[in-house]
Protein chains: 2
Amino acid sequence: MPQRVETVFPDPQHDHAPCVAETLERAEKIFKNNGLSLTPLRRQVLQEVAGSHTAVGAYDILERLAQKGGRRLAPISVYRALDSLVAAGMVHRLESRNAFFACHVSHAGDRRQIVLACETCSAVAEVPGGSVFDGIGAAAAASTFKPTRTLVEVIGVCGRCQAGVPV
Amino acid sequence: MPQRVETVFPDPQHDHAPCVAETLERAEKIFKNNGLSLTPLRRQVLQEVAGSHTAVGAYDILERLAQKGGRRLAPISVYRALDSLVAAGMVHRLESRNAFFACHVSHAGDRRQIVLACETCSAVAEVPGGSVFDGIGAAAAASTFKPTRTLVEVIGVCGRCQAGVPV
DNA sequence: GAGGGATTGTTATACCATAACAGTCAGCCA
DNA sequence: TGGCTGACTGTTATGGTATAACAATCCCTC
């Protein structure tokens, strides 16, 4: 059964607060389970990243936090927070754009997700890619190559933007 | 029939000169066919990129050309040359590393290649990924997503490095 | 109460990429 | 032939992304 399209690229008008709240909660647990903690800094960074369904640059986050918090962080502080969030699986990196996006779906550590990035509205979504990753694994194995990380990113236009919905 | 492993990740000891020569020849033709020309600058940049089976950064190329040629180019000159080479399909970009590698196999414009990048010896190889890309296309279509560019990069360890061959 | 790991701060630097404008050259063709 | 056009490179300046190195703090534990 295919996932509903609405859940893959959510309506820009939807109430996003619950998404963020749920994500923060999930993060809290994951950090705790790993013997780490979702510190105020990490929480703030995650809030900024999770604040939209788009990928944001590290310096964007820096800027937004400066707007809100008054104090201006050093870039490396943001990067360190991002590192921890990426390690926790709460944030992924969109390699083709040097940007970060929040993982809103709990795929329970399964990193075999296809990333879809809309070049019109900048929204990012993930869809399960088990069989695709199997195929990639087989191709790698045929070349005696042992994968440690596999990256599948699709740049294109989401359904909403194809339909001409104003951004 | 699987491609021979030797052609995917060539022996570091192999005679690389013919690889480069062949690549330059191919570039010459492609540029000509497109009404463009493989200028001295582009040729030099391509030589540097094709000089190994690894991915190199734009500023590495800059540095190497400065060592050889005496004169130091502006970064943008290198990027412009790279842009033209990427457009011609002679060079690909390794997004996960912000680096460039030469395309040593003539896959005749078929961009559906899986990129394998060894994190130990830095070698990069491409293997055909038709069915994998089909799967990705299907997954995208199921989410009403229209791809314009699809990226499959696998970071890992090549057979030679697994076997403990000294780099 | 000493040691160690996690966390953040501070400062400096390295690395990656492009904007904007000028100038040269070759080919085309009115 | 003279002017137009497109391809190509130069020059200068700037913007964007990421990390090294070292110090300080806090908390937990043994």
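All heavy atoms count here, side chains included; hydrogens, waters and symmetry mates do not. All of these numbers come straight from a predicted model, not from anything done at the bench. Reminder, nothing fancy here: chain letters follow the sequence lines and each chain counts from 1.
- Residue-level contact check: A:Arg42 touches the backbone only, with heavy atoms under 4.0 Å from sugar-phosphate atoms and none from bases.
- No side-chain donor from either of B:Glu48 and B:Gln44 sits under 3.5 Å from a side-chain acceptor of the other.
- Around the CZ atom of A:Arg72, the shell of radius 6.0 Å holds more than 12 heavy atoms that belong to other residues, nucleotides or ligands.
- Residue B:Leu73 places its side chain closer to D:dG10 than to any other of D:dT19, C:dA19, D:dG10.
- No engagement by A:Arg97 is indicated, since no non-hydrogen atom pair under 4.0 Å with the nucleic acid exists.
- When rounded to the nearest whole Å, the span between CG of B:Asp83 and P of C:dC16 equals 16 Å.
- In this structure, A:Gln44 atom CD and C:dT7 atom C1' are separated by 14 Å, rounded to whole Å.
- Of the listed nucleotides (C:dT18, C:dT11, C:dT8), C:dT8 has the atom at the smallest distance from the side chain of A:Leu41.
- One can place CG of A:Leu82 at 12 Å from C1' of D:dT17, the figure rounded to the nearest angstrom.
- With respect to A:Glu28 and A:Lys32, no salt bridge is recorded, no charged nitrogen being found less than 4.0 Å from a carboxylate O.
- In terms of polar N and O atoms assigned as donor or acceptor, the side chain of A:Arg80 comes within less than 3.5 Å of the base of C:dG9 in a complementary pairing.
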**OP:** Take A:Arg149 and B:Glu119 through the salt bridge (Lys or Arg N to Asp or Glu O under 4.0 Å) test and state the conclusion after the steps.
**Re:** CA-CA 10 Å; A:Arg149 194 165 76 92; B:Glu119 56 196 353; over 6 Å; no

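- Ring geometry, B:Phe100 versus B:Tyr79: the interplanar angle exceeds 60°, so the pair is classed perpendicular (tilted spans 30 to 60°).
- Using a 4.0 Å heavy-atom criterion, one finds that B:Ser37 contacts the sugar-phosphate atoms exclusively.
- Side chain of B:Arg71, nearest nucleotide from C:dT18, C:dT11, D:dG10: D:dG10.
- For B:Asn98 and C:dA17, the CG to C1' distance is 9 Å, given to the nearest whole Å.
- The phosphate of D:dT9 has OP1 or OP2 within less than 4.0 Å of a side-chain N or O from B:Thr39.
- Contact annotation: the side chain of B:Glu95 never approaches that of A:Glu153 to less than 4.5 Å [non-hydrogen atoms, C-beta and beyond].
- Residue contacts for B:Ala58: at a heavy-atom cut-off of 4.0 Å it reaches no nucleic acid atom on any strand shown.
- Applying the 4.0 Å criterion to OP1 and OP2 of D:dT9, one finds that B:Ser77 has every side-chain N and O outside that range.
- Rounding to whole angstrom units, OH of residue B:Tyr79 and P of D:dG10 are separated by 17 Å.
- Of the residues near DNA chain D, B:Leu36 and B:Ile76, the one whose nearest nucleotide (by heavy atom distance) lies more toward the 5' end is B:Leu36.
- As a whole-Å value, the separation of A:Asn34 CG from C:dT7 C1' is 16 Å.
- Applying the 5.5 angstrom centroid cut-off and the 30 degree plane-angle cut-off, the aromatic ring of A:Tyr59 is stacked upon the base of D:dT17.
- Rounded to an integer number of Å, the gap from B:Leu94 CG to C:dC15 C1' is 16 Å.
- If you take CD1 of B:Ile61 and C1' of C:dC16, they are 12 Å apart, rounded to a whole angstrom.
- The side chain of B:Ala74 lies closest to D:dT12, out of D:dT12, D:dC8, C:dA6.
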